[in-house]
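Just follow the structure's listing: the first ligand is 1, and inside any ligand the first atom is 1.
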Amino acid sequence: MAASGKIGVFRLPPLPTIREIIKLFRLQAVKQLSQNFLLDLRLTDKIVRKAGNLTDAYVYEVGPGPGGITRSILSANIAELLVIEKDTRFIPGLQMLSDAAPGKLRIVHGDVLTYKIERAFPDTIRRQWEDDPPNVHIIGNLPFSVSTPLIIKWLENISLKDGPFVYGRTQMTLTFQKEVAERLVATTGSKQRSRLSIMAQHLCDVDHLFTIPGKAFVPKPEVDVGVVRFTPLVQPKIKQPFKLVEKVVQNVFQFRRKYCHRGLGMLFPEAQRLESTGRLLQLADIDPTLRPVHLSLTHFKSLCDVYRKMCDEDAQLFAYNFREELKQRKRQDQEQEDDTEDCES
Ligand code: SAM
């Protein structure tokens, strides 16, 4: 997807620098909240430029903090920016930005994991799923502990076309720990290939736009940071429910160094494991000795389609969890041991 966005012509009036804002409002980063700030407005401009053309866009910024990226977004000729921030200390500094850009910035004190963005923007901006993406963008530099669960949640929203995707194929530009960014875009056969690669790539075009060195943040995190853009696909590559795809993918990658039949076997109760795994692999036409990282999206599609049929034939199968079976067996073994001891004493 092209990203020819240019920062527009709206100019914010002279404002204190982000460093001064941090001093003025005593916004020292809280280590427990993994707060790392971007103070260099050339970098925040770059993130916003790479997000695409934001002219007249409705933008949702997650975790604005002291407002570096917020300023760049406000300078991009947008229609409206809604920011959601969990830490109240940042609200007065954001209010200052709101006063500098009248009618443009809406500040919500809340948690991105629970906020309902689907009600925030006008219905008139909605597009059909098959159309080009709507003029709605999500942009954010969140703590790593939030960005990974959040992207999984939003990927599920994409599969259901709800949450931020009631507007259509809303694009997202988000930061991740560089290793996670690499997993998100990892292709078949690469050593970073993982659960996240399949979950993201079966629903979106995923681009690792660029990497920001850790030293650009204050305070400096231990790792570099990858900026990743997601554009939901018109048709997912795997047309099965999100939870089913997630289950197959999770099982495959739990033994990432073994042959793929090892993890796939865990989809089935022990009594039928050998036979059902063989049937799954045969019907999906997959070599059981392929390693998980060598399975392509087409392989995963076949696996999910066949597993879906097997679940339709056996109503108990999808709920099966091998960890539960293991726990139950341990409990039974323990009870047996206890009974034997009672008899002997
Ligand atoms: N965007 C700013 C920047 O780039 O300088 C701040 C980045 S800092 C890594 C992450 C920000 O996200 C912090 O301001 C933090 O308070 C906020 N945050 C963390 N968890 C959040 C959540 N669940 N919902 C909303 N904001 C959150």
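The closest approach between a heavy atom of Gly68 and any atom of ligand 1 is not below 4.0 Å. The shortest separation from a heavy atom of Val62 to ligand 1 is not under 4.0 Å, leaving the residue out of contact.
Heavy-atom contacts of Asp87 reach the following atoms of ligand 1: 16 (O) (cutoff under 4.0 Å). Near Phe37, meaning under 4.0 Å from any of its heavy atoms, are these atoms of ligand 1: 5 (O), 6 (C). Close approach of ligand 1 to Phe90 (heavy-atom distance below 4.0 Å) involves ligand atoms 14 (O), 16 (O). Proximity to Ile84 (heavy-atom distance under 4.0 Å) selects the following atoms of ligand 1: 25 (C), 26 (N). Listed by number with element, the atoms of ligand 1 under 4.0 angstrom from any heavy atom of Val146 are 20 (N). Applying the 4.0 Å criterion to heavy atoms of Asp111 picks out, from ligand 1, the atoms 22 (C), 23 (N), 24 (N). In summary, the atoms of ligand 1 found under 4.0 Å from a heavy atom of Asn36, numbered by their order in the structure, are 7 (C), 8 (S), 9 (C).
Counting heavy atoms under 4.0 Å from ligand 1, residue Val112 touches it through both backbone and side chain. In Ile69, the part holding a heavy atom less than 4.0 Å from any atom of ligand 1 is the side chain.
Looking at heavy atoms from C-beta onward, Arg193 lies in side-chain contact with Ile198 at the 4.5 angstrom threshold. With a 4.5 Å cut-off on side-chain heavy atoms, Lys237 and Gln201 do not count as touching. With contacts defined as side-chain heavy-atom distances shorter than 4.5 Å, the pair His299/Ser302 does not qualify. Side chains of His137 and Ile73 form no contact here, defined as non-hydrogen atoms less than 4.5 Å apart.
Residue Gly63 holds the heavy atom nearest to atom 1 (N) of ligand 1 of all those in Gly110, Gly63, Gly65. The nearest non-hydrogen atom to atom 15 (C) of ligand 1, considering only Lys86, His109, Glu85, comes from Glu85.
Under the 30°/60° scheme for interplanar angles, the aromatic rings of Phe165 and Trp129 are found to stand perpendicular. Under the 30°/60° scheme for interplanar angles, the aromatic rings of Tyr307 and Phe318 are found to be tilted.
Both Val248 and Leu155 belong to a common hydrophobic cluster when Ile, Leu, Val, Met, Phe, Trp and Tyr are linked at side-chain heavy-atom distances under 4.5 angstrom.
For ligand 1, one of its N or O atoms has an N or O atom of Leu38 under 3.5 Å away.
Here the two rings, on Phe90 and Phe37, have centers that are under 6.0 Å apart.
The pair Lys309-Asp305 does not meet the salt-bridge criterion, since no charged nitrogen lies less than 4.0 angstrom from a carboxylate oxygen.
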